[in-house]
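Here's the structure we're looking at; comments come further down.
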Amino acid sequence: MDDPIQALDRLAHETFEGVFVGSDHLQDAFELAQLLRNEQVLEGMPDGVVLLDQQNRILWGNGRLQEWCGREDVVGANFYSVLGSPEIQGPDFCPFHTSLATGSPTSSTLRTEDNRYYQVHVAPIRRRGGPPEYLIVTVRDTTSEIHQQQKLAAIHQAGMELADLTPEDLLQMTVEQRIDLLKSNILHYTKDLLKFEVVEIRLLDQKTGKLEPLLSVGMEPEAANRALYAHPQNNGVTGFVAATGKSYLCEDTTEDPLYLPGAAGAKSSLTVPLMLHDEVIGTFNVESREPRAFSESDLQFLEIFTRDVAVALNTLELLVAEKASAAAASVEAIHSAVALPVDEILNDAVNVMERYIGHEPEVVERLQRILRNARDIKQVIQMVGQKLAPVPARLEPPQPERPSLRKARILLVDEDAQVRSAAHALLERYGCVVETAPNGAQAMSMIRNLLAEGGYDAIIADIRLPDMSGYEFLLQLQEVTDVEPVPLILMTGFGYDPGHSIVKARQAGVKQFLYKPFRLDQLLSTVEQVIAAPKAVRQA
């Protein structure tokens with residue numbers, strides 16, 4: 001219809017599921033007031049609709065606001081007082097005043113003292129040719145949506161903090177202490193954030209298929225020590241989840257043939273797989289004494305949380321580091337304490353040396369001596385570390401030999417100090433000579449400095465450096481090196497490539513990419529392929 005009066009006639013004689021009013025027809029206050037008073041349309045709406053005057057007084061409402069506030073009548077009351085003077089959270093912090101002053105619709109979010117949220121949309125009503133005199137306000141209860149968003153954000157933040165250790169923490173903590181910290185964090189967030197009291201985490205031994213207990217709270221001792229395998233039959237819900245990689249919601253343990261007794265008196269359970277790169281590495285199980293205690297939302301929240309748990313387990317290498325000896329932990333502490341400071345010395349010396357080349361030969365010579373000594377220090381520490389670590393101190397299972405990595409020069413470029421520290425810890429374990437830089441400019445200085453000695457065998461760079469993109473870094477790298485193909489590996493979070501660096505780099509000839517978080521064997525294999533590529537080109 002193109003006229004409100006005609007629309008009212010249709011509404012009086014026919015049934016409609018809803019009404020849409022275009023902004024062009026919000027000009028006539030009298031006709032719109034009639035439309036608002038048509039309770040046949042508005043009383044059944046899930047949202048609140050009120051008509052306000054210039055003093056924010058409620059002139060009419062469809063009854064929804066009365067239900068939310070528990071008041072018999074809201075007409076004549078101030079809109080904000082009806083909701084208990086809520087906090088205005090924006091984006092418009094004066095929505096009624098703005099709409100009256102500008103004659104334009106606006107919106108905002110209100111938060112009440114009892115932690116309920118309402119989204120309001122305000123549209124002005126004016127008489128033809130005059131300023132706005134009234135406001136139509138639609139009010140939508142968004143409490144459940146915002147609470148869910150807040151919980152998702154809290155779960156994501158909790159997951160990020162599970163294994164958030166600074167280099168100083170790494171220096172002071174043994175492998176066992178890190179494991180205990182991770183267990184404590186998992187238990188804390190599971191109880192306080194997800195509100196689950198009974199928790200069991202098992203890790204999958206990929207060789208034997210056995211599900212080894214990592215954390216058990218509230219489970220019966222017999223159940224916690226029960227031998228379980230990743231098999232869909234005769235291994236309970238946990239074995240089924242580990243075998244299939246699918247979450248399982250057991251609504252009533254007394255009627256579920258897969259369920260094996262776990263917590264005392266448990267009537268329902270929820271079990272999800274710990275997934276890393278589409279591979280099951282363990283299971284996360286929670287139980288309750290109430291039947292049907294877990295909802296689809298609980299399933300969604302737990303699946304999100306366990307993704308971060310899996311990443312944290314991978315980050316700390318818990319799957320192979322639990323049996324590391326004190327000697328191995330000491331060697332790791334030495335590397336963590338010394339590697340990054342020495343890298344900073346190298347970065348600073350190279351930057352200063354570039355300024356003096358061609359001007360002060362004596363200064364350049366001294367700086368070159370500093371560079372040699374700094375690199376010698378790292379190699380000496382590495383050799384001492386190898387002597388300190390006896391054969392029994394090796395991580396279980398033993399790592400395969402990778403002879404192509406021994407003495408390979410690797411440069412890692414990443415703004416995150418923990419990533420640079422991890423590069424030392426992981427690659428130096430296989431005999432690599434690792435150096436790092438926090439940004440593209442310092443990395444290029446390091447690369448130019450080492451050209452006379454043959455350059456780096458492999459360069460690993462994040463696609464989003466603080467001063468340039470991964471593709472821009474590639475272009476600069478191609479200008480200073482004649483090695484083909486360029487020995488570059490680009491790292492990125494899965495699916496995140498704001499500047500299309502990966503697409504551009506792939507078109508420019510880069511073939512190796514790492515998607516965070518990646519497994520250690522993926523990192524090692526990728527570096528081996530890059531090191532071998534120039535040799536293959538020369539032989540061809």
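From a predicted model like this one, the values you see are computed outputs, not experimental measurements.
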How long is the span from the [atom1] atom in [X] to the [atom2] atom in [Y], to the nearest 0.5 Å?
X	Y	atom1	atom2	value
Met468	Asp462	CE	CG	12.5 Å
Ile489	Lys511	CD1	NZ	14.0 Å
Leu211	Leu204	CG	CG	5.5 Å
Leu490	Tyr471	CG	OH	11.5 Å
Tyr229	Thr238	OH	OG1	14.5 Å
Leu270	Glu303	CG	CD	8.0 Å

For [Y], does its backbone N or O pair with a side-chain atom of [X] as donor and acceptor, under 3.5 Å?
X	Y	answer
Asp467	Gly440	yes
Asn449	Val350	no
Gln206	Val280	yes
His277	Glu279	no
Thr253	Ala266	yes
Asp256	Asp252	no
Arg409	Val434	no
Asp141	Tyr118	no
Glu287	Ala263	yes
Ser268	Glu290	yes

Which atom of [X] lies closest to which atom of [Y], heavy atoms considered:
X	Y	value
Phe294	Ser288	CZ-CB, 3.7 Å
Ala437	Leu411	N-CD1, 4.3 Å
Leu260	Asn235	CD1-C, 3.9 Å
Val272	Ser247	CG1-OG, 3.3 Å
Pro213	Ala224	CG-O, 3.5 Å
Pro232	Leu258	O-CD2, 3.8 Å

Would a 4.5 Å heavy-atom cut-off, applied to side chains only, mark [X] and [Y] as touching?
X	Y	answer
Met275	Ile281	no
Leu488	Ile459	yes
Leu465	Val413	yes
Glu472	Gln476	no
Phe513	Ile502	yes
Tyr430	Leu520	yes
Gln529	Gln512	yes
Ser269	Asn285	yes

Starting from the C-alpha separation in whole Å, work towards a yes-or-no answer on side-chain contact (heavy atoms from CB on, under 4.5 Å) for Lys407 and Cys432.
-> CA-CA 5 Å; Lys407 297 185 178 181; Cys432 296; over 6 Å; no
Looking at Glu212 and Arg202, does any basic side-chain N land under 4.0 Å from a carboxylate oxygen?
->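 The answer is no: the pair does not qualify as a salt bridge.
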Answer yes or no: is there an ion pair linking Arg519 with Asp521, defined by an N-O contact shorter than 4.0 Å?
->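 Yes, charged N to carboxylate O under 4.0 Å.
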Within the 3.5 Å criterion, strictly below it, is a donor on [X] or [Y] matched to an acceptor on the partner's side chain?
X	Y	answer
Asn351	Ser445	yes
Tyr515	Gln522	no
Arg111	Tyr117	yes

Got a sec: does the CD of Gln478 have more than 12 other heavy atoms crowding it under 6.0 Å?
->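 Atom CD in Gln478 is packed in, count exceeds 12.
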Assess whether atom CZ of Arg289 is packed by more than 12 heavy atoms of other residues, nucleotides or ligands within 6.0 Å.
->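 No, the 6.0 Å shell around CZ holds no more than 12 heavy atoms from other groups.
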Could you go through the side-chain contact (heavy atoms from CB on, under 4.5 Å) check for Asp414 and Thr436 one step at a time?
-> CA-CA 8 Å; Asp414 196 295; Thr436 69; over 6 Å; no
Decide side-chain contact (heavy atoms from CB on, under 4.5 Å) for Leu477 and Val486; before the verdict, give the C-alpha distance in whole Å, the side-chain angles of both, and the deciding distance to 0.1 Å.
-> CA-CA 8 Å; Leu477 185 60; Val486 176; 3.1 Å; yes
Evaluate the side-chain contact (heavy atoms from CB on, under 4.5 Å) criterion for residues Val198 and Met219: first the C-alpha distance (whole Å), next the side-chain angles of each, then the deciding distance (0.1 Å), finally the verdict.
-> CA-CA 7 Å; Val198 178; Met219 300 289 286; 3.7 Å; yes
